[in-house]
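Bear in mind the structure is a predicted one, so any value in this text is a computation, not a measurement. Letters go in sequence order (proteins before strands), and every chain restarts at 1.
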Amino acid sequence: MQRVLKWSCATAVLLAFTAAGLAWAEDGVKPAQPEPTTVKSLQKQLLEENAPAPPKTESVETASAATASATAEDIEAGGLSPSVIALLLFIFVLAIFIGFEIITKVPPTLHTPLMSGSNAISGITIVGALLVAGDGQGVSAFIGFLAVVLATINAVGGFLVTHRMLAMFQKR
Amino acid sequence: MQRVLKWSCATAVLLAFTAAGLAWAEDGVKPAQPEPTTVKSLQKQLLEENAPAPPKTESVETASAATASATAEDIEAGGLSPSVIALLLFIFVLAIFIGFEIITKVPPTLHTPLMSGSNAISGITIVGALLVAGDGQGVSAFIGFLAVVLATINAVGGFLVTHRMLAMFQKR
Amino acid sequence: MDSVYLQVAYFVAALLFIFGLKKMTHPRTAVKGNALSAIAMALALVIALVARDGYVFITVGLMVGAAIGVWLATTIKMTAMPQLVALFNGLGGAASILVAGAVLMLDPHQQAHELIATAATGVIGAVTFWGSLVAFGKLQELKAFKKPFHVPSQQMVNGLLAAFILAMCALFVVLNTGHGLVYVVIVLAASVLGVLLVNSIGGADMPVVIALLNSYSGLAAAATGFVINNVVLVVSGALVGASGLILTSLMCKAMNRSLTNVLFGVMGEGGEVADADEVYRNVRSTSADDVAMILDGAQRVVFVPGYGMAVAQAQHAVRNLAKVLEEHGAQIEYGIHPVAGRMPGHMNVLLAEADVPYEQLKEMDEINQTLDTVDVAFVIGANDVVNPVAQTDPNSVIAGMPIIEVGKARTVIVIKRSLSPGFAGIPNPLFAADNTLMLFGDAQKAVLEILNAVKENL
Amino acid sequence: MDSVYLQVAYFVAALLFIFGLKKMTHPRTAVKGNALSAIAMALALVIALVARDGYVFITVGLMVGAAIGVWLATTIKMTAMPQLVALFNGLGGAASILVAGAVLMLDPHQQAHELIATAATGVIGAVTFWGSLVAFGKLQELKAFKKPFHVPSQQMVNGLLAAFILAMCALFVVLNTGHGLVYVVIVLAASVLGVLLVNSIGGADMPVVIALLNSYSGLAAAATGFVINNVVLVVSGALVGASGLILTSLMCKAMNRSLTNVLFGVMGEGGEVADADEVYRNVRSTSADDVAMILDGAQRVVFVPGYGMAVAQAQHAVRNLAKVLEEHGAQIEYGIHPVAGRMPGHMNVLLAEADVPYEQLKEMDEINQTLDTVDVAFVIGANDVVNPVAQTDPNSVIAGMPIIEVGKARTVIVIKRSLSPGFAGIPNPLFAADNTLMLFGDAQKAVLEILNAVKENL
Ligand SMILES: NC(=O)c1ccc[n+]([C@@H]2O[C@H](COP(=O)([O-])OP(=O)(O)OC[C@H]3O[C@@H](n4cnc5c(N)ncnc54)[C@H](OP(=O)(O)O)[C@@H]3O)[C@@H](O)[C@H]2O)c1
Ligand SMILES: NC(=O)c1ccc[n+]([C@@H]2O[C@H](COP(=O)([O-])OP(=O)(O)OC[C@H]3O[C@@H](n4cnc5c(N)ncnc54)[C@H](OP(=O)(O)O)[C@@H]3O)[C@@H](O)[C@H]2O)c1
């Protein structure tokens with residue numbers, strides 16, 4: 001166990017280094033390349049921050065537009081500052097650590113429900129699926145739709161079946 | 001224990017909400033106010049990203065300049081996107097959780113060393129002190145110097161005294 | 001960037017997953033834990049829905065998925081649980097591939113770290129999906145998967161394939177415009193790798209494979225999280241990754257085999273298998289009536305269930321027999337081997353279903369200490385987990401695996417349909433031991449017969 | 001933003017803190033754990049140094065601080081540990097105030113969340129610093145702190161002060177230009193509050209206060225982390241915060257008092273204190289020679305140490321006596337009360353210093369179960385932790401506190417200098433019990449006398 005823990009943490013740290021290094025390299029090495037998206041998003045930010053507070057009606061419109069384009073922007077901007085991605089990686093490592101701490105305490109009796117329960121949790125991709133599904137453009141929308149269906153099966157089915165099992169344990 | 005855990009987690013979450021809400025409110029409410037620092041830093045970013053890679057010598061100069069001004073910029077920019085501060089808050093909560101998980105497992109025998117050891121850890125403010133100390137301007141530099149001294153006493157003394165105690169345990 | 005409030009809600013969802021898992025550490029709170037995780041998922045879903053519009057397509061997708069999920073989850077038999085988990089797991093992996101692919105289509109200009117995450121999602125997701133499907137097929141005992149198809153010099157093919165995938169990933173990142181075609185190639189190659197890897201692993205090692213693939217599907221979700229910059233995916237993916245790894249390692253330990261040994265299967269290659277006819281020369285069989293007579297004076301009775309109990313769904317019958325014996329003053333216990341059955345904790349789930357009191361379930365180490373004071377030990381459809389060869393023959397394929405030492409009991413009654421071997425494919429000298437009696441037949445039927453005989457005996 | 005590599009190094013430092021604490025969960029690995037934490041700190045330091053220049057001032061500061069720290073840590077006596085921790089703790093809090101203040105001077109234009117964090121640092125840091133100083137004074141038994149100075153209607157003053165501080169914090173955030181003066185006012189007000197709060201708490205409750213202030217100093221560091229956007233500060237601050245809270249709660253539980261009770265001190269107000277002369281009418285005292293005779297036939301001997309052992313530094317003498325008795329065939333154990341002494345685990349540290357074998361240390365619940373088979377129970381400078389009043393008188397100030405029930409032993413020998421009370425300030429009927437003998441004197445001297453007498457007896 002100890003060994004697995006160490007090993008996986010080392011991997012995670014390594015991953016973190018690699019990714020961070022790459023993100024950095026990209027920042028440092030390719031400045032000459034046009035980066036339309038980043039610049040665009042920055043401009044937008046500048047705009048937003050300097051603009052005076054818009055009148056009421058306009059604000060509502062902007063808001064709805066913002067929701068509508070939230071996904072697109074998320075994806076388009078691609079604009080993680082290296083810091084956010086680094087923090088996410090750190091959170092990833094912390095979560096693995098927490099996972100190990102907690103799960104080593106699950107008693108053998110509950111290992112089957114644990115397996116199916118954590119399998120259900122991995123259906124969380126559904127959140128990603130929701131963000132890409134139905135974005136209008138034919139193919140990607142359909143792919144997103146498919147992802148929604150598959151992930152939903154995984155999540156809903158997984159939680160239900162786990163519940164069925166656990167309900168048996170609780171009777172006693 | 002359970003209660004303390006719940007309570008402190010709830011507080012942390014509340015804190016997170018409040019801070020995030022404020023950060024958001026600030027973004028939304030005060031756009032009319034001039035925010036020289038943010039704009040400046042953004043412009044700098046834009047500049048950096050569009051500039052072609054500087055020739056060698058210049059690069060060295062820039063680098064050293066960057067290190068020199070790292071602190072100033074950090075502070076000046078004030079420029080956490082709400083996302084980074086939010087991630088930090090999340091990390092804070094995760095760390096508290098990890099702390100509870102780990103520390104409830106420390107046996108009573110080690111409670112005194114734990115107390116003095118974690119006290120030493122709180123000397124980590126030294127990192128903050130280093131960043132502000134000796135930044136040239138008289139008063140703040142002196143304050144920083146004082147902070148460095150105090151935090152160092154806390155950290156060095158704390159770890160040493162803990163080591164002294166623990167060394168006794170290890171003999172056996 | 002979504003509104004900060006949405007982001008904070010995502011954090012709360014992530015924390016709920018953690019607390020949900022924490023509640024899984026005790027049988028009494030486990031139901032709540034599962035519910036918490038489900039709530040966390042629902043919360044994350046709602047947030048994601050609020051952050052966008054255009055619901056029609058999505059709602060249909062959600063409904064279709066939920067309907068299929070509910071149907072599968074409620075109609076499945078408890079014995080088919082391993083396959084079902086494998087199937088669900090595969091679907092999760094597939095969803096990850098699709099999400100990363102769709103994101104790539106919407107915005108091919110990704111940053112380096114996003115490209116890395118996308119490639120990782122593709123590889124891990126594809127291996128998970130196809131590996132899980134093959135595992136499903138094997139566990140469901142589908143014809144096509146009965147025998148692993150032969151691939152010449154498999155190890156080399158796998159190695160080359162892996163190298164190819166790595167090269168493609170490097171290309172993908174270096175190209176730096178998110179070349180969709182490269183992504184497709186990566187996914188296809190990883191799919192082949194997934195099939196090949198799992199194809200060569202024996203059907204009974206599937207639980208280990210599933211736990212590992214479960215871990216992978218978590219990592220795939222986390223990788224997707226890095227692609228779309230979402231903290232819930234990162235956290236819950238990491239939790240699942242850790243959980244799968246731990247379960248894998250526990251199972252390997254309980255079988256005394258290394259993970260490499262399981263994955264690159266030397267199963268059935270170790271040592272020469274003893275001749276079954278030779279071993280089984282002195283087997284004595286018995287009848288339900290005889291068993292009832294033996295039980296008459298028994299003070300302590302231990303049941304050791306195995307995969308056969310799951311197949312025969314004999315847990316209720318066993319529980320009833322135990323009840324009757326208890327009424328006659330016998331002390332009842334169940335000896336649970338950590339890898340009895342086909343999933344970790346498999347026996348616990350079945351016996352919980354049959355309302356067996358928690359205190360009567362003993363873990364292997366505990367029951368082994370008192371087995372020599374036991375009058376009658378019932379072996380219900382178990383085989384490998386009670387095979388003394390694990391301790392006597394260092395060349396055996398199960399050498400070193402800890403077993404439940406039923407042989408120490410005064411009388412051992414083994415209920416199974418024939419003398420055919422268990423998953424490890426080796427004969428079991430226990431069946432021919434002096435104090436062992438075989439009761440041939442389906443476990444459920446046999447136990448019910450014993451039950452009737454015992455009742456008549458009064 | 002520093003280079004990404006620096007950031008990642010910060011992460012590694014934060015993780016090292018976590019692993020360091022994790023290693024604190026076992027005596028064997030604890031030294032390594034402490035070293036890991038120290039390494040983490042050094043790493044964070046180096047990173048911070050790399051990220052800036054202008055070393056002269058800083059190096060001087062580091063050297064001065066390190067020199068003072070080393071000097072304090074190496075010259076301090078183990079009995080003075082509590083005060084030292086209090087002092088260190090206060091310095092950490094002060095450093096946090098200064099850092100946040102300096103940042104504010106350098107850049108008064110902070111965002112809302114940074115202002116919140118700055119104000120929080122000021123408040124928590126100041127309470128920590130001044131509270132710790134007062135605690136230090138009390139534990140060091142400095143004249144000025146001997147008696148809490150009286151503040152008219154203290155509770156109300158505290159309340160008003162707290163309200164004022166809150167209002168100032170709100171103003172500070174709303175002003176939104178980081179008004180330095182307001183920060184100074186906040187710090188000053190919080191300083192007064194810190195002094196007042198701790199001033200009214202009894203000297204013996206200081207350990208609880210210190211643990212709580214330790215937790216605060218962690219939170220102050222975390223708040224500073226939010227000001228300068230640094231992940232190491234956030235993580236390690238959170239860890240320290242959690243650790244302090246847990247220790248506080250454990251101590252309160254062991255004393256069966258609520259935290260509010262400790263902080264807003266009703267200590268000494270509960271019920272009427274029994275008259276000491278009345279209680280101590282039948283006290284019998286003894287001599288070292290008599291004790292040696294009693295020990296002659298003893299099979300099981302238990303030592304129950306308390307704060308007096310720490311004061312007299314008697315642990316080595318006790319250990320030597322125990323060794324001699326062991327050589328004569330007696331079975332030796334130590335009964336450790338969770339709040340014996342003045343810090344949690346205080347006795348363990350002292351006995352570890354004297355090389356007492358780990359297996360001989362028994363926790364309260366364990367030793368209580370077998371005390372009735374003990375021949376001689378030595379109470380070495382303990383008082384409250386063996387006071388039966390806790391169980392017999394529900395109106396007592398220590399009512400409900402679990403105790404070590406030495407009264408159950410055949411003979412109890414209490415070593416202390418007089419009949420003066422312990423920290424709770426109440427008489428102890430144990431001293432007058434039929435099976436109790438008092439041996440008056442300094443614990444170290446008395447034990448050495450017994451040791452000599454025992455040796456002569458042979
Ligand atoms: N639990 C896990 O997580 C896990 C994971 C990986 C591998 N495994 C492996 O799985 C094996 C589990 O051992 P085990 O002893 O439980 O099972 P086993 O060794 O596979 O033996 C099961 C026995 O049940 C009998 N059986 C099948 N259907 C039956 C029915 N309807 N009625 C009565 N008997 C029936 C079979 O004999 P007949 O055909 O003669 O009836 C067979 O010998 C171990 O080798 C373990 O390493 C388990
Ligand atoms: N450990 C913690 O974490 C913690 C935290 C908070 C509060 N407390 C409180 O501290 C108390 C600890 O109980 P305790 O029984 O260990 O100590 P105690 O009740 O304070 O009694 C200590 C006794 O030691 C005697 N003593 C002092 N110096 C001595 C010397 N040189 N030689 C011999 N005897 C000496 C004193 O009597 P003489 O003056 O007559 O010698 C005194 O009665 C409890 O009330 C507990 O609630 C502890």
Side-chain angles (χ1 to χ4, degrees), chain A residues 4 19 22-23 26 68 70-71 75-76 78 85 88 92 95-96 99-100 102-103 105-106 108-109 111-112 116-119 121-125 127-130 132-134 140 143-163 165-166 168-170 172, chain C residues 21-22 24-25 27 30-31 34 38 41 44 48 51-54 57-58 61-62 64-66 68-69 72-73 85 88-89 91-92 94-96 98-99 102 105-107 110-113 214 217-218 221 224 228 233-236 238-240 242-243 246 249 343-345 348-349 352-353 358:
Chain A
V4 174
L22 269 161
E26 187 176 36
T71 331
I75 292 158
E76 195 179 83
I85 176 72
L88 274 181
F92 179 66
I96 285 187
F100 270 96
I102 293 179
I103 285 156
K105 282 194 228 146
V106 175
T109 317
H111 278 168
T112 298
S116 84
S118 65
N119 171 38
I121 292 179
S122 74
I124 188 70
T125 332
V127 169
L130 284 187
V132 288
S140 78
I143 293 182
F145 174 76
L146 213 64
V148 169
V149 174
L150 297 184
T152 311
I153 297 178
N154 184 0
V156 172
F159 282 124
L160 249 187
V161 99
T162 310
H163 182 80
M165 268 188 267
L166 288 173
M168 291 172 192
F169 283 92
Q170 222 182 24
R172 293 182 292 177
Chain C
L21 265 188
K22 196 167 159 54
M24 276 293 218
T25 52
V31 170
N34 188 50
M41 180 81 74
R52 50 156 299 138
D53 62 9
F57 228 34
I58 288 177
L62 284 174
V64 171
I68 299 178
L72 283 174
V85 172
F88 284 161
N89 198 40
L91 299 184
S96 291
L98 295 177
V99 171
M105 284 185 75
L106 288 173
D107 170 36
Q110 298 187 331
Q111 293 190 3
H113 63 84
N214 191 5
S217 74
T224 313
I228 63 170
L233 265 73
V234 169
V235 169
S236 50
L239 292 175
V240 175
S243 147
I246 291 180
S249 127
M343 301 186 88
N348 297 86
V349 174
E353 188 192 348
Y358 196 68

Check: Is the closest side-chain heavy-atom distance between A:I102 and C:M24 below 4.5 Å?
Finding: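 They are not in side-chain contact.
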
Checklist line | Close side-chain approach of A:I153 and C:L72, heavy atoms under 4.5 Å | finding: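 In short, these two side chains touch, coming nearer than 4.5 Å.
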
Any chance you could measure [X], atom [atom1], to [Y], atom [atom2], to the nearest 0.5 Å?
| X | Y | atom1 | atom2 | value |
| --- | --- | --- | --- | --- |
| A:H111 | C:I246 | NE2 | CD1 | 8.5 Å |
| A:I124 | C:S217 | CD1 | OG | 12.0 Å |
| A:I121 | C:S236 | CD1 | OG | 7.0 Å |
| C:I68 | A:N154 | CD1 | CG | 12.5 Å |

Check: Between C:A242, C:A44, C:G61, C:A48, which residue shows the highest count of heavy-atom pairs closer than 4.5 Å to chain A?
Finding: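 Winner by heavy-atom pair count: C:G61.
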
Next item on the list: Flag the one option from C:L239, C:L91, C:V64 with the top tally of heavy-atom pairs under 4.5 Å to chain A.
Entry: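 Top count of heavy-atom pairs under 4.5 Å with chain A: C:L91.
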
Check: Would C:N214 and A:S118 count as having a side-chain donor-acceptor pair, cut-off 3.5 Å?
Finding: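 There is such a pair between these side chains.
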
Check: Residues two or more places apart in sequence or in another chain: which of them pass side-chain contact (heavy atoms from CB on, under 4.5 Å) with C:A94?
Finding: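 Once residues adjacent in sequence are excluded, the partners of C:A94 under the side-chain contact (heavy atoms from CB on, under 4.5 Å) criterion are A:L150, C:F129.
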
Notebook entry, point to check: Looking at residues at least two apart in the chain, or sitting in another chain, which of them share a side-chain contact (heavy atoms from CB on, under 4.5 Å) with A:V156?
Noted result: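 A:T152, C:A66, C:V70.
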
When heavy-atom pairs shorter than 4.5 Å are enumerated against chain C, which of [options] gives the highest number?
| options | value |
| --- | --- |
| A:A151, A:G117, A:S116, A:P108 | A:P108 |
| A:A147, A:A155, A:G99 | A:A147 |
| A:N119, A:I143, A:T125 | A:N119 |

Notebook entry, point to check: What part of C:T224 lies closer than 4.5 angstrom to a heavy atom of chain A: side chain, backbone, both or neither?
Noted result: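 Contact with chain A involves the side chain of C:T224 alone.
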
Notebook entry, point to check: A:L88 pairs by side chain to side chain contact (heavy atoms under 4.5 Å, CB included) with which of C:L233, C:V234, C:V235?
Noted result: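 Single pass found, and it is C:V234.
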
